[in-house]
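Chain letters run A, B, ... following the sequence lines, proteins first, then strands; residues in each count from 1.
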Amino acid sequence: MKLDGPYDAKQVEDKIYKLWEDSGFFNPDKQAQTNADFTQTDADKKRNRGVSVSQRKVRVSPRQSFTIVMPPANANGNLHAGHALVMTLEDIMTRYKRMQGFKTLWLPGLDHAGFETQVVYEKKLEKEGRSRFNMQPQELYNEILEFTLENKKNIESQIKKMGASCDWSRLKFTLDNDIVKEVQRTFKKMYDDGLIYRGQRIVNWCSKHQTSLSDVETESKEKKDAFYYFKYGPFTIGTARPETKFGDKYVVMHPDDKRYANYKHGQTLPLEWINGPITATIIKDKAIDMEFGTGVMTITPWHSDVDFEIAERHQLDSQQIIDMRGKLLPIAGEFAGMKITEARPKIVEKLKAKGLLEKIDENYVHNVPVCYKCETAIEPQILPQWFVKMKDLAKKAADAVKAKKIIFIPDNYRKIFLYWMENSIDWNISRQIVWGIPIPAKICDTCNDGFPDLENTLTTCPKCQSTLRGDPDTFDTWFSSGQWPLVALGYPNSKDFKTFYPTTVMESGSDLIFKWIPRMVIFGLYLAKKVPFGTVYLHGLVNDAKGQKMSKSKGNVINPLNITEKYGTDALRIGLVMGNTPGQSLALDENKIKGHRNFANKIWNASRFVLTNLARIDADNYADLRGSKVVLSAHQKQHLKELKALVGEVTKLMDNYKFYIAGEKIYHYFWHTFCDKIIEEAKPLLADSKTRQATQYMLLEILSTSLKLLHPFMPFITEEIYQQLPLKDKKECLMVAKWPN
RNA sequence: GCGCGAUUAGCUCAGUGGUAGAGCAUUCCCUUGACGUGGGAAGGGCCAGGGGUUCGAAUCCCUUAUCGCGCACCA
């Protein structure tokens, strides 16, 4: 007997994965099921009364496509628990639909992950005592490329380890030539359509990584700082950042503030400031909060978002105070060249000596934006960069969602999506890093304007005739991954694009509801005029057993590959899914996985029992059992009726993406109904020649149906057992067997 | 400050109008030939608090509290 106990995943998984790969059925072009499998007979029709419309449709149009484009996994490290959940959920959806006869494509992909990967690589350099700033860009690029390609291979094999039934023949990488070209074409197209512009605008600058970042690449961190009140002419101004105040020559107040009604907008007044006398100009602007501080502030447009906006509104001058390394510029006089932290107390000291310090509030708590990777405080800077005009694009995306062209699971993410779309600001897509897709543009040294140049033909500035140089920047990763569903399918002209776009489901982590999902919708609508997917399924974070966020510093990181090593992939998969509601974070408990390993063993042993009893008793003809006339007892008929009810229930749950309940139902049925009751009852019946054959038939029927229902969740063990079942209408593999109805 | 989510058995969580559920953990029993990674049984919850709607509320509405996540900011 092949099913020797206990179940040993190691003996099975690699072998079975190879069987699937060799079968070619990961590729939707290889059709597994004949149309005859799905032709509705009268008996089917009768059976299917009361079954949902979507299920009937499956049989009527069998080769309708079902597509998932895999969120491209970052090729800069190992598979983590979050990936494991992604692979499991998407594989469940894919296997389910494949078994239902859909033309099913799950397209795998990997991401060069621009800034993310560069940060990982810079850490590596740091450990080696090297720095990217001492390297030629090309040299750095080549090293990161090598690093990424190595990791890419690694993570591919880890995805396979999870049992992912994706079509490897269609594997895409975000730096594939065709993708790079298409992303660059999009840039040009958007520029021509007036949706991308070169702007001299304020951006988030990380002085450690020496690049600008988009809003979603910053985090806010609560900080307690001193808050200083200074005399500024007749006013008192408050600030937490005295070091930015050198160039402040505008003093701003709310137009309705009665306290300052005597001062007129545009009025100037002389006053004494840090490095001597200056002339200040009064500005009235509604952005001022009358309740805060004294209701008066000076502005530093070069180093503050809010101030920048005020300056834009009133067309005010602005001056850089802090350089790109976080040091003070010559405007700071004696403080020039100092780092902010060093200069701050000295500046306060000087102002105090001049009698301009009014008071200090030591307990000022505020949130400061920091780089999401290194937690360095973001220094806003004004830089010439490429920006995407978001307003109209975002509105179209919001309209599509409002028109229910995209459904969110869970539903509340719809609100979050819409909120985000209504508050989006122009998107800075220039990054000052080498690892990414180059921005195909030329920059003029004289007028600083930029011009897209796909063919690399421009040499002189169309505006001022000066010399142009290539833009050294690369695209924000989200600019390319935002186009992922399009470019992965070969937009605009490929056969795949025509067949599989728009895709059916986008399954992704809920944290990407801002970063990624909206951008895909925007690009999909802009380029293909169609939403990129009809359903967005968002899973939550995978936490540790106590529900704590995994982190290296806490030392509670669970490596999914260790779990599969110990308990088998199937156990991990069903453990990740059962009881995991979409959108909610999940506690990954090793004990729980152990329980599911036991379940796998239970399946193994029950199958052995059934097979042994088929073999021992009726060795010659058990393969024909299903076709033979068997007389079932009323009780046995009842069992089959219950099985049918389970199939209906599970199918409905699967259709509604309620995998967490579907999995639990099958688990429960298999263990506590099939094993505990039906098999136990069957033992004496198998010993009696009068009831033997009917019982054999019933057991095989229930076992084979259960394996089909379990297959999307636990593909390896179910396939291994299926391969050994004596079924008459057996498929090449369970993966493409027909989902029961 | 705003938004979203959570609050149910010791723990992790399901359950969206009809007498409270799962897994794990706990206690007791079972050395039978699929499986001890097993089987049988048991204990354990005023479903966060308050109010409302309803014949009936864990479930719908309002409100309070606590926790988590996100967003925005006050110079």
Is the centre of the [X] ring less than 6.0 Å from the centre of the [Y] ring?
{"X": "Phe670(A)", "Y": "Phe674(A)", "value": "yes"}
{"X": "Phe227(A)", "Y": "Tyr229(A)", "value": "yes"}
{"X": "Phe246(A)", "Y": "Phe335(A)", "value": "yes"}
{"X": "Phe387(A)", "Y": "Trp427(A)", "value": "no"}

Give a yes or no on whether the backbone of Asn613(A) and the side-chain of Gln696(A) come within a donor-acceptor separation of less than 3.5 Å.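 Yes; judged by distance alone, with no hydrogens or angles, the pair exists.
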Salt bridge check, [Y] against [X]: does any charged N sit closer than 4.0 Å to a carboxylate O?
{"X": "Glu13(A)", "Y": "Arg573(A)", "value": "no"}
{"X": "Asp589(A)", "Y": "Lys594(A)", "value": "no"}
{"X": "Lys231(A)", "Y": "Glu272(A)", "value": "no"}
{"X": "Arg201(A)", "Y": "Asp426(A)", "value": "no"}

[atom1] atom, [N] versus [M]: distance in rounded Å?
{"N": "C28(B)", "M": "U66(B)", "atom1": "P", "result": "42 Å"}
{"N": "A48(B)", "M": "A57(B)", "atom1": "P", "result": "15 Å"}
{"N": "U32(B)", "M": "U27(B)", "atom1": "P", "result": "22 Å"}
{"N": "A41(B)", "M": "C47(B)", "atom1": "C1'", "result": "26 Å"}
{"N": "U8(B)", "M": "A14(B)", "atom1": "P", "result": "11 Å"}

Treating primed atoms plus P, OP1 and OP2 as sugar-phosphate and everything else as base, which nucleotides of nucleotides 6-12 of chain B get B, S or - for protein heavy atoms under 4.0 Å? S-----S
Does the side chain of Asp285(A) pick up a donor-acceptor pair with the side chain of His314(A) at under 3.5 Å? yes
So, Tyr567(A) and Glu590(A): side-chain donor and acceptor under 3.5 Å apart, yes or no?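 Distance-only check passes for Tyr567(A) and Glu590(A).
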Mapping Asn591(A) and Asn580(A) onto RNA chain B by nearest heavy atom, which one lands closer to the 5' end? Asn580(A)
Given RNA chain B, 5'-ward residue of the pair Tyr413(A) and His596(A), judged by closest heavy atom: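 First, find each residue's nearest nucleotide; the 5'-ward one identifies Tyr413(A).
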Pair assignment for RNA chain B - dot-bracket with | for other-strand partners, Watson-Crick or G-U under 3.5 Å: ((((((((.[[[[.)..(..]]]].(((((.......))))).....[[[[[..)....]]]]])))))))....
Tell me whether the guanidinium CZ or amine NZ of Lys683(A) lies under 6.0 angstrom from the six-membered ring centre of Phe609(A) and within 45° of its axis. yes
Check whether any side-chain nitrogen or oxygen of [X] sits under 4.0 Å from OP1 or OP2 of [N], and answer yes or no.
{"X": "Thr581(A)", "N": "A14(B)", "answer": "yes"}
{"X": "Tyr419(A)", "N": "C2(B)", "answer": "no"}
{"X": "Lys683(A)", "N": "A34(B)", "answer": "yes"}
{"X": "His672(A)", "N": "G23(B)", "answer": "yes"}

Please write out each protein N/O paired with an N/O of nucleotides 36-38 of chain B under 3.5 Å, distance rounded to 0.1 Å.
residue, atom, partner, partner atom, Å
U37(B), O4', Asn598(A), OD1, 3.1
U37(B), O2', Asn601(A), ND2, 3.3
U37(B), O2, Arg597(A), NE, 3.0
U37(B), O2, Asn598(A), OD1, 3.3
G38(B), OP1, Asn598(A), ND2, 3.2
G38(B), O3', Lys602(A), NZ, 3.0

Mind checking Ala240(A) for me? I need base, sugar-phosphate or nothing, with any heavy atom below 4.0 Å counting as a touch. sugar-phosphate
Rounded to whole Å, the CD1-P distance (Ile425(A) to C71(B)) equals 12 Å
